Amino acid sequence: MELPPLALSFWIAMNATVLGLVMGLPLAWLLARRTLPARDLLTILILLPMVLPPTVLGYYLLIVVGQGGPVGWLAETLGLGRIVFTQTAAVIAAFVASAPFLIRAAQAGFEQVDPAYVEAARTLGRSELAIWLTITLPLAWRAVLAGLALAFARAVGEFGATVMVAGSIPGRTRTGSIAIYDMVQAGRMQEANVLAIALAFTTAGVLFLLTRVGRTPSW
Amino acid sequence: MTGSSRTAVEAPAQRQSVTVETVLKARAGDFELDVAFRTSAGVTALFGPSGAGKSLTLRHLAGLEDPGSGRIRLDRRILLDSDAGLNVPPRERRVGIVFQEYALFPHMSVEANVGYGLCDRSRIERTRRIEKLLAMTGLEGYGERRPRELSGGERQRVALARALAPEPELLLLDEPFAALDFRVRRELRAALRSLHERTGVPMILVTHSLEDVRKLSDWLVLLDRGRVLASGPTRSLLDDPPSQEARALVSGEELG
């Protein structure tokens, strides 16, 4: 999809956050179970993107999704073409950088759900999936939402890893934060200023909306 | 309990007795559970001091613990047979449980809590059953409320109604009155007794109050440190304990 920088930022961040939700929620739920084997190792692996310098993250991503890397090779073999320097790469970079925020918050949320609720539900004859959807998820929902807001903000702000794997292609991978960098480099301070303000305010607006939804007590 | 609506009575009170047979060996950390008892009574009490393994036994009956070795039989159904590698999961056991802290779903109304185990029924049937249970437990008009808006006694009634809704073949109660003051306790004991008489569902309750044992149970299982000290009809076991240990256990009023 070809979009101006600001819209592109939100489009990519939205895709990354949805991807994070789909992949991160089950993972967070697994991590919340104390019986999971290798739980500590998995936790460190998942949280690594939060502490690594974005360029290091970008470097490793380049190795994994690049033409010689496993994901890159898989994509080409399946006929999906090259990933590096496409919008897909930008989404992947934003996803990897932002998902840990969601996973961390959601895990804490799941851990807070009293196991007695789940046990009571089991004795009432409901399936595990039904219990997860009607008890576990609704009770952890506010934590999940808080994590979602953080992850989205992080995805909008993604810069280092994105530049490394997706470059700065106008309309396709030049997101707001990258465009601002390019503008400053080119001395177009006026434009950078406008875009910076727009990015700051729209991100704050989205965060405000998300926290509003999260604060409404549902019980 | 409003004993008013006789229409809300379900099965005839005098139902064929249900036999529960438990032979169980299990470990939980350092604790060793090694119990065997059999009861066909309407209300059975598991009585003993804290740490006797009462609640753990109850959780095994409900299928909520990793199975140890042994056999649990509920009338003609085998719920656990470790030799045969059989362990019926809790959702298929038809064994209801009321937890000590009730574990009412906080994000759901009283109605939704009571109806939670009724999702396999039609909407009309479900509504009818919820209404009936709310009437039976004296909770008419409470359907829309949330658990946090209820008193301790009301919460317990909701937990009872919820556990009874899917028509369990056995109802387990873990320290049902522990969280309540003595006046509410007395009232709810009577309510529980009449609920038992109206539904005919056999009950096993865990308690460390002799008063509960005396006023509610027909059959008594004395537990201490993971073992059964004695079991038999409540009256005769209280009047004539078969051993020194059993005598010591039933002579104190309340156990710590």
Side-chain angles (χ1 to χ4, degrees), chain A residues 21 25-26 28-39 105-149 210-219, chain B residues 55 58-66 79 88-110 112-121 133 144-150 155 158-174:
Chain A
L21 199 62
L25 269 193
W29 178 71
L30 277 177
L31 285 171
R33 300 166 69 106
R34 263 158 211 99
T35 48
L36 185 75
R39 186 172 174 241
Q107 181 189 343
F110 288 136
E111 278 168 0
Q112 299 262 305
V113 177
D114 188 342
Y117 297 142
V118 175
E119 289 178 341
R122 284 190 185 131
T123 64
L124 292 168
R126 300 289 288 263
S127 72
E128 292 299 312
L129 180 66
I131 293 170
W132 196 78
L133 290 173
T134 57
I135 308 285
T136 311
L137 193 57
L139 288 177
W141 185 240
R142 286 164 76 178
V144 171
L145 215 57
L148 209 63
L210 278 173
T211 44
R212 273 295 289 269
V213 179
R215 214 185 300 131
T216 316
S218 45
W219 61 83
Chain B
S55 295
L58 215 60
R59 291 177 56 81
H60 273 288
L61 285 170
L64 296 174
E65 292 286 323
D66 281 340
L79 299 184
V88 178
R91 74 163 166 279
E92 289 163 24
R93 286 200 175 196
R94 302 184 59 81
V95 172
I97 186 163
V98 174
F99 288 94
Q100 191 172 345
E101 310 287 340
Y102 318 131
L104 298 180
F105 308 132
H107 57 305
M108 293 183 192
S109 66
V110 166
N113 265 280
V114 175
Y116 193 77
L118 299 171
C119 63
D120 55 340
R121 317 210 176 179
L133 279 151
E144 306 284 315
R145 300 214 198 167
R146 299 275 174 166
R148 67 171 162 82
E149 300 167 328
L150 305 176
R155 280 178 206 183
V158 178
L160 268 170
R162 182 179 71 178
L164 286 170
E167 294 171 278
E169 289 169 31
L170 174 66
L171 181 65
L172 309 171
L173 301 120
D174 191 359

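Naming: A, B, ... by sequence-line order, numbering from 1 per chain. Source: prediction; values computed, not measured.
Heavy atoms closer than 4.5 Å to chain B are found in the backbone of Ala130(A), but not in its side chain. Heavy atoms closer than 4.5 Å to chain A are found in the backbone of Ala163(B), but not in its side chain. The part of Leu104(B) that comes within reach of chain A is its backbone (N, CA, C, O), which places non-hydrogen atoms under 4.5 angstrom from that chain.
Residues Glu119(A) and Phe99(B) meet the side-chain proximity criterion, which asks for heavy atoms closer than 4.5 Å. The side-chain heavy atoms of Arg126(A) and Cys119(B), taken from C-beta on, include a pair separated by under 4.5 Å. Side chains of Tyr116(B) and Ile135(A) form a contact here, defined as non-hydrogen atoms less than 4.5 Å apart.
Of all heavy-atom pairs between Leu124(A) and Arg162(B), the closest is CD2-O, 3.3 Å. Closest of all the heavy-atom pairs between Val95(B) and Thr123(A) is O-CB, 3.7 Å. The two residues Leu139(A) and His107(B) make their nearest non-hydrogen contact at CD2-ND1, 3.4 Å. Shortest non-hydrogen contact noted between Phe105(B) and Tyr117(A) is CE2-O, 3.3 Å.
In terms of heavy-atom pairs under 4.5 angstrom with chain A, the leader among Ser109(B), Gly117(B), Ala112(B) is Gly117(B).
Heavy atoms from other residues, nucleotides or ligands lying under 6.0 Å from CG of Asp66(B) number 12 at most.
In this structure, CD1 in Ile131(A) is found 7.5 Å from CZ in Arg91(B), a value given to the nearest 0.5 Å.
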